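Nothing here was measured: the structure is a model prediction, and the numbers come from that model. Numbers here are sequence positions counted from 1.
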Amino acid sequence: MNRLHTLNPMQQEAVLHTEGPLLILAGAGSGKTRALTHRVAYLIEEKGVAPWNILAITFTNKAAGEMRERVNTLVEYGADSVWVSTFHSLCVRILRRFIENLGYDSSFSIYDTDDQKTLMKQIFKNLDVNTKQYKERGVLGIISAAKNELISPEEFTVNARINGNYRDQKIAELYREYQNQLKKNNALDFDDLLVKTVELFDNNPEILDYYQEKFRYIMVDEYQDTNTAQFKLVSQLARKYGNICVVGDDDQSIYSFRGANIRNILNFEETFPGARVIKLEQNYRSTRTILGAANGVIRNNSGRKDKTLWTENPEGNRVRIKVFDTAYDEAEGIVKDMIKQGGSWKDYAVLYRTNAQSRIIEEKCIAYNVPYRLVGGVNFYQRKEIKDILAYLKTIANGRDDLAVQRIINVPKRGIGATTVGKINLFAMEHEMNFYDTLLRIAAVPGIGKTAAKIDKFTDEIGRFRCMLRDGESIQDVIEEILTSTGYKEELQEEGEVEAETRLQNIDELVSKAVSYWEDADEPTLDGFLEEVALVADIDSMDESEDRVILMTLHAAKGLEFPRVYLTGMEEGLFPSMMAMQENPESLEEERRLCYVGITRAEQELMLTAARQRMIKGETRYEKPSRFLQELPEEFVERLEQENSIYSRRRVQSEYEDSGLPWNTRSEGISLFGQKSSSYTSKSVKPEPKKPSYGSIYTIQKAAALDYGPGDRVNHMRFGNGTVKSVVDGGKDYEVTVEFDNMGVRKMFASFAKLKKI
């Protein structure tokens, strides 16, 4: 086969080994797709395998299309007969032909997410389910997870009874009814496509045998991302001939929250005895330096198959590490660095652990006129939860924004439906009133009935939030009150743990934005804050150029590559996440794999950044640099110093020294990871704070003389007990820094903190 000379020796081995089970451990950027497509061509042209006897499974339609195109360029004829498909499309083709064996009609419908929610809503109504305790989306998430593990409604019910968990027993009942209704409607959801195909093969050996004969050679891409149902399906098909080739990288398994089971790839040799393992370790993407950094981090994982990426590419520049004082410094530093480096904007990618981190980076891009595209998400201010909270704040500000009021009148659900809103709108138009003023006079609106009491409760809540601001409560306290007293936070949490965590992180970032605005603006007001947010949100859509910086999460970046990459937020508690640090070693290892994925996205230049202080939930937090920065081999990195900035002037060095947190503003000072040096003499001087005018709706009242000082033990109603590290008279209020026993260091205004000496 003349074209084999275009492959490296290990890729050639992967192509030529056609019989029996084969695991191709394909490192990042190692040309796995090239090896797979050449293997298909070799089977057809050299081994005489009929194209229709080959099955290639990918995870996305895009990947399937690309593979099919590449095979077409390699094979003279017959390539169209190769089954190249996703798991779901494969199962649909099988079920369309044989699902009648399971009691369904071959014309079954496939329900998408909205269809599922509609069906579950009907079930909730029929079974009189308490919608405060159970949410359609949350229940559907649990059912999906069960299906991924091939746990039937009957099995789920038995497990719930054994565990004695009433909630699980209720969900088991909903699971059973959900499946009954699906079958009654002759419908399958996406998870069912896999589950029912496995069930079909289990119950009908002759059908399984038909497909085993048909697919004598099976290839599966991204095998590290398979769940239990997908693993079982592939195992069934490969059982007869054993010619299964799986391609994957255990070091890039980052989707456990979606049901992916890394043990599928780690235990491949046990599942398929006699399996051959071929490692593709030559990288064609990155410089030697970047690969050295990646290898240094990932080798700290114990649950992996040993391999080391290498390349014939140039050595390249060292990986740069920079620890900034604040998240704002970090974002500004990244944007300035991109401007300084020059070149096409599309060559740059900024990667982060959570969606919420994009907000500051977006704002800095806008401030410096750097065009960007947000991938894998919507503009920060366009996210549903952000628009909801902003709608509350708009309504609190003046109540004249009818769209804002109508957006939140039934968010969270209050039993105020579209029919009622229509009646109110009609009355408002007839009497030339705005929507909110009509709500305040709801008794005059005909045909409202008992819903009037629910509307009165809503307007009372808005009135109470307004009073909080007028009485000097902080904006973060108001947002927290909105989340809790309206039931918004509870409704989010019932949608599912991962979904709730992401959305609440975004709301926390909005709180941080609001607090920063109040600290920085000359005359901060709620209206001013809302205006600034609106301008930021609108400007984003002005530049339609394709030449833009890419902003995306690390999860979304998997499979992509960029000439220049920035990994941001490299701090303990953020990356690795606090949840991963608290759960188990496996979770922490997945975070490290995510870091490895981020590093290996870079082709030529890589910079990793962190912030000593970052505002989360409106509170300034001091965190240590990520352990992943420590794991980078020194010979591959260059640690940069932080230059002065407007934010640097605000720091107080003694706070860091007292808390034991790292300080690295001088090469002779304290190193990145907290190595103290006695030669540090410079002190940061805190500038005289601005004298803000907060308008009629929001004022700060300076706390009276404090009854506590440095060294005293105090209690905070949310953070618990802690020790006061410093108290600074900022003129308008006292700035108090406290090291809490369980929450770390926090800096806050005394009037808001309401600390009590203990």
>> Which heavy atom of K558 sits nearest to which heavy atom of R601, and what is that distance?
In response: C-NH1, 4.3 Å
> Ignoring hydrogens and geometry, is there a side-chain-to-backbone donor-acceptor pair from R137 to E494 under 3.5 Å?
Replying inline: no
> Given the rule in the side chain to side chain donor-acceptor pair (under 3.5 Å) test, do Q169 and N163 qualify, once you have shown the distances and angles that lead to the verdict?
Replying inline: CA-CA 9 Å; Q169 290 178 37; N163 296 332; over 6 Å; no
> Is a side-chain N or O of N410 found less than 3.5 angstrom from the main chain of I416, in a donor-acceptor match?
Replying inline: yes
> Do Q476 and E480 have side-chain heavy atoms sitting under 4.5 Å apart?
Replying inline: no
>> Which label fits F458 and Y436: parallel for a plane angle under 30°, tilted from 30 to 60°, or perpendicular past 60°?
In response: perpendicular
> Do Q224 and E222 pass the side chain to side chain contact (heavy atoms under 4.5 Å, CB included) test, and can you show the C-alpha distance, the side-chain angles, and the key distance before you say yes or no?
Replying inline: CA-CA 5 Å; Q224 78 279 350; E222 302 288 0; 2.7 Å; yes
>> Would I479 and I507 count as a side chain to side chain contact (heavy atoms under 4.5 Å, CB included) here? Give the steps.
In response: CA-CA 9 Å; I479 294 177; I507 294 172; 4.1 Å; yes
>> So R161 and V158, do their side chains get closer than 4.5 Å, heavy atoms only?
In response: no
>> Could you tell me if the side chain of Y372 sits less than 4.5 Å from the side chain of I361, heavy atoms only?
In response: no
> When you check the side-chain N and O atoms of D202 and Q236, is any donor under 3.5 Å from an acceptor?
Replying inline: yes
> Within a strict 4.5 Å, meaning less than it, do heavy atoms of the H555 and V597 side chains meet?
Replying inline: no
> Just how far is it from atom CD1 of I123 to atom CD of E173, taken to the nearest 0.5 Å?
Replying inline: 10.5 Å
> F59 vs F87 aromatic rings, parallel, tilted or perpendicular, using cut-offs 30° and 60°?
Replying inline: perpendicular
> Can any side-chain N or O of Q357 pair as donor or acceptor with the backbone N or O of T354 at less than 3.5 Å?
Replying inline: yes
>> To check you understand the geometry: which heavy-atom pair defines the closest contact between I94 and F201, and what is its length?
In response: CD1-CZ, 3.9 Å
> Between K513 and E509, is there a salt bridge with N-O shorter than 4.0 Å?
Replying inline: no
>> Between Y352 (side chain only) and L567 (backbone N and O only), is there a donor and an acceptor less than 3.5 Å apart?
In response: no
>> Please check this pair: side chain of K232 against backbone of V198, looking for a donor-acceptor N/O pair closer than 3.5 Å.
In response: no
Result block: side-chain N/O donor-acceptor pairs under 3.5 angstrom for residues 586-596, not counting sequence neighbours:
from	atom 1	to	atom 2	distance (Å)
S587	OG	E583	OE1	3.0
S587	OG	N584	OD1	3.0
E589	OE1	G303	N	3.1
E589	OE2	S302	N	2.8
E589	OE2	S302	OG	2.9
E590	OE1	S256	OG	2.8
E590	OE2	S256	N	3.3
E590	OE2	S256	OG	3.1
E591	OE1	R353	NE	3.1
E591	OE1	S577	N	2.9
E591	OE2	R353	NE	3.2
E591	OE2	R353	NH2	2.8
R592	NE	E631	OE1	2.9
R592	NE	E631	OE2	3.4
R592	NH1	N301	OD1	2.7
R592	NH2	E631	OE2	2.7
R593	NE	S253	O	2.6
R593	NH2	S253	O	3.2

> Looking at I408 and D388, what are the two nearest heavy atoms and their distance?
Replying inline: CG2-O, 3.6 Å
> Does the ring of F108 carry R96 above it, NZ/CZ under 6.0 angstrom from centre and within 45° of its axis?
Replying inline: yes
> Would a distance-only check, ignoring hydrogens and angles, find a side-chain to backbone donor-acceptor pair under 3.5 Å from R167 to Q133?
Replying inline: yes
>> Run the side chain to side chain donor-acceptor pair (under 3.5 Å) test on Q406 and N425 for me, step by step, so that the C-alpha distance in whole Å, both residues' side-chain angles and the decisive distance to 0.1 Å come before the verdict.
In response: CA-CA 10 Å; Q406 290 179 35; N425 264 325; 3.2 Å; yes
>> Quick check: do Y223 and T226 have side-chain heavy atoms less than 4.5 Å from each other?
In response: yes
>> Return the CD1 to CE distance between I143 and M120, rounded to the nearest 0.5 Å.
In response: 3.5 Å
>> For a quick test of reading the model, state the closest non-hydrogen atom pair linking S85 to L90 and the distance between them.
In response: OG-CB, 3.5 Å
>> Tell me whether Y517 at atom OH has more than 12 heavy atoms from other residues, nucleotides or ligands lying less than 6.0 Å away.
In response: yes
> Where the side chain of S626 meets the backbone of F575, is there a donor-acceptor pair that is under 3.5 Å apart?
Replying inline: yes
>> Within this structure, what is the CE-CG distance for the pair M552 and L560, rounded to the nearest 0.5 Å?
In response: 5.0 Å
> Any sub-3.5 Å donor-acceptor pair from R466's side-chain atoms to I396's backbone N or O?
Replying inline: yes
> Which distance, rounded to the nearest 0.5 Å, do you find between the CD1 of I409 and the NZ of K454?
Replying inline: 11.5 Å
>> Using side chain to side chain contact (heavy atoms under 4.5 Å, CB included), reason through H88 and L194 one step at a time and then give a plain yes or no.
In response: CA-CA 7 Å; H88 291 104; L194 287 160; 4.0 Å; yes
> What residue pairs, at least two apart or across chains, pass side chain to side chain donor-acceptor pair (under 3.5 Å) with a residue in residues 147-158?
Replying inline: K147-Q179, K147-D189, K147-D192, N148-N227, E149-T228, S152-E154, T157-R176
>> Quick one, L182 with L188, criterion side chain to side chain contact (heavy atoms under 4.5 Å, CB included). Give me CA distance, side-chain angles, the key distance, then yes/no.
In response: CA-CA 6 Å; L182 280 173; L188 304 178; over 6 Å; no
> When you check the gap from the basic side-chain N to the acidic O, do E571 and R621 get nearer than 4.0 Å?
Replying inline: no
> What closest approach, in Å, do K117 and E136 show between heavy atoms, and which atom pair accounts for it?
Replying inline: O-CG, 4.2 Å
>> Looking at every non-hydrogen atom in both residues, tell me the closest pair between L492 and L504 and how far apart they are.
In response: CD1-CD2, 3.9 Å
>> Is it the case that the side chain of S512 and the backbone of D508 share a donor-acceptor pair, with hydrogens and angles ignored and the cut-off at 3.5 Å?
In response: yes
>> By the definition side chain to side chain contact (heavy atoms under 4.5 Å, CB included), identify the one residue from K384, R359, R383 that meets it with N506.
In response: R383
> Is any side-chain heavy atom of M615 less than 4.5 Å from a side-chain heavy atom of V515?
Replying inline: yes
> So, the side chain of Y178 versus the backbone of L119: is there a donor-acceptor pair under 3.5 Å, distance only?
Replying inline: no
> Can you tell me how far NZ of K394 sits from CG of D402, rounded to the nearest 0.5 angstrom?
Replying inline: 12.5 Å
>> Would you compute the distance between atom CG of N264 and atom CG of D250 and round it to the nearest 0.5 angstrom?
In response: 12.0 Å
> So, do E491 and Y488 sit near enough that their side-chain heavy atoms are less than 4.5 Å apart?
Replying inline: no
> When you look at NZ of K457, are more than 12 heavy atoms from neighbouring residues, nucleotides or ligands closer to it than 6.0 Å?
Replying inline: no
> Side-chain contact, heavy-atom cut-off 4.5 Å: D456 with I442?
Replying inline: yes
> So which pairs with a foot in residues 116-139 pass ring-ring contact (aromatic ring centres under 6.0 Å, His included), sequence neighbours left out?
Replying inline: none
